[in-house]
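Please read the structure below before turning to the comments.
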Amino acid sequence: MENELKFEILINSIADKGYGIVDDFINPEMCSELRKRLLANLNNGSLSKAGIGNAAKLQKNVEIRGDSILWIDTDSSDVFEKKYLDLVADFIQYMNRTCFTGLRSSEIHYAVFPPNAFYKKHVDSFANDKSRQYSLIVYLNEDWTDADGGQLKIYQDSGDIEITPLGGRAVCFSSHLIPHEVLPAVRLRQSLTGWLKK
Ligand code: OGA
Ligand code: MN
């Protein structure tokens with residue numbers, strides 16, 4: 001599928017339902033290469049426990065979220081990280097061209113949730129910094145099944161939905177408007193989580 005078609009699916013679905021899902025946002029090679037990098041970083045101790053809120057309010061609280069993260073350098077020279085940064089930059093350009101979103105940048109991190117870890121219901125934009133406009137998550141899991149858990153639960157007046165974190169799948173939604181939660185999994189749950197910013 002053309003990238004622009006994937007972008008259209010996400011955008012149309014966000015306009016329609018508040019969130020978009022597209023499978024194979026990244027191809028299987030890219031998914032496994034990025035997963036390898038995530039696991040290498042995890043194994044050499046490069047990930048850190050994620051906090052809640054931005055600098056001023058940083059707390060580390062596994063009662064709220066149990067993931068560990070590593071930010072991707074915006075000028076990474078790694079070929080697959082670069083490919084992903086380019087894909088996100090193309091998505092931003094496409095959104096700006098077709099929806100006048102005025103997005104200017106992104107920030108992206110690797111994230112792992114160990115078995116039984118979760119992230120309680122929240123919205124992604126900070127109380128004192130509204131620059132995050134859209135959340136974009138791509139899952140890096142191999143052979144994930146519904147029984148493995150780890151669904152992304154999106155809260156909606158019309159009924160909550162649960163999204164299985166299949167490798168290559170992308171989910172995108174407004175960072176201001178959409179309350180969501182990560183349910184516990186029985187396996188290590190791996191993703192790239194990012195924000196498209198103004
Ligand atoms: C987050 C988050 C969702 C997911 O990191 O803010 O909500 O499915 N992640 O990993
Ligand atoms: Mn979130």
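Counting starts at 1 for both ligands and their atoms, following the listed order.
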**Element-labelled atoms of ligand 1 that are located less than 4.0 Å from some non-hydrogen atom of Val182** = 3 (C), 4 (C), 8 (O), 9 (N), 10 (O)

**Request:** Check whether any N or O atom of His122, backbone or side chain, sits under 3.5 Å from an N or O atom of ligand 1, and answer yes or no.
**Result:** yes

**Asked** Does a donor on one side chain and an acceptor on the other come within less than 3.5 Å for Ser76 and Asp78?
**Response** no

**Asked** Between the side chains of Gln190 and Tyr110, does any donor sit under 3.5 Å from an acceptor?
**Response** no

**Request:** Just jot down the ligand 1 atoms closer than 4.0 angstrom to any heavy atom of Leu152, in number order.
**Result:** 3 (C), 8 (O)

**Prompt:** Given Ile72 and Leu192, is the side-chain contact (heavy atoms from CB on, under 4.5 Å) satisfied, shown in steps?
**Reply:** CA-CA 9 Å; Ile72 292 190; Leu192 276 172; 3.5 Å; yes

**Message:** Students should be able to answer this: which protein heavy-atom is nearest to atom 1 (C) of ligand 1, and at what distance?
**Reply:** Tyr119 CE1, 3.7 Å

**Prompt:** What are the two closest non-hydrogen atoms of Cys31 and Tyr139, and how far apart are they?
**Reply:** SG-O, 3.9 Å

**Prompt:** Any side-chain donor-acceptor pair under 3.5 Å between Tyr84 and Glu33?
**Reply:** no

**Request:** Say whether Asp67, considering both its backbone and side-chain N or O atoms, lies within less than 3.5 Å of an N or O atom on ligand 1.
**Result:** no

**Ligand-residue contact atoms, ligand 1 with Arg189, heavy atoms, under 4.0 Å** = 4 (C), 8 (O), 10 (O)

**Fill in**
One should read off an interatomic distance between Ile92 CD1 and Leu87 CG, to the nearest 0.5 angstrom, of 10.5 Å

**Request:** Could you label the plane-to-plane angle of the Tyr94 and Phe7 rings as parallel, tilted or perpendicular, counting under 30° as parallel and over 60° as perpendicular?
**Result:** tilted

**Asked** Which atoms of the protein, restricted to N, O or S, are nearer than 2.8 Å to the Mn ion (ligand 2)?
**Response** His122 NE2, Asp124 OD1, His180 NE2

**ligand 1 atoms in contact with Asp124 (distance to a heavy atom under 4.0 Å)** = 6 (O)

**Message:** Out of all atoms in ligand 1, which are within 4.0 Å of some heavy atom of His180? Include the element for each.
**Reply:** 2 (C), 7 (O)

**Message:** If you count heavy atoms of other groups shown closer than 6.0 angstrom to NZ of Lys83, is the number above 12?
**Reply:** no

**Asked** Below 4.0 angstrom, N of the basic side chain to O of the carboxylate: do Arg37 and Glu81 qualify?
**Response** no

**Prompt:** Hey, is ligand 1 close enough to His109 that some N/O pair sits below 3.5 Å?
**Reply:** no

**Spacing of OG belonging to Ser175 relative to CD belonging to Gln133, to within rounding of 0.5 Å** = 7.0 Å

**Prompt:** Could an N or O of ligand 1 be found under 3.5 Å from any N or O of Tyr139, whether backbone or side chain?
**Reply:** yes

**Message:** Using a 4.0 Å cut-off to any heavy atom of Thr193, which atoms of ligand 1 qualify?
**Reply:** 5 (O)

**Request:** Could you tell me whether Glu4 and Arg97 make a salt bridge, using a distance below 4.0 angstrom between a side-chain N and a carboxylate O?
**Result:** yes

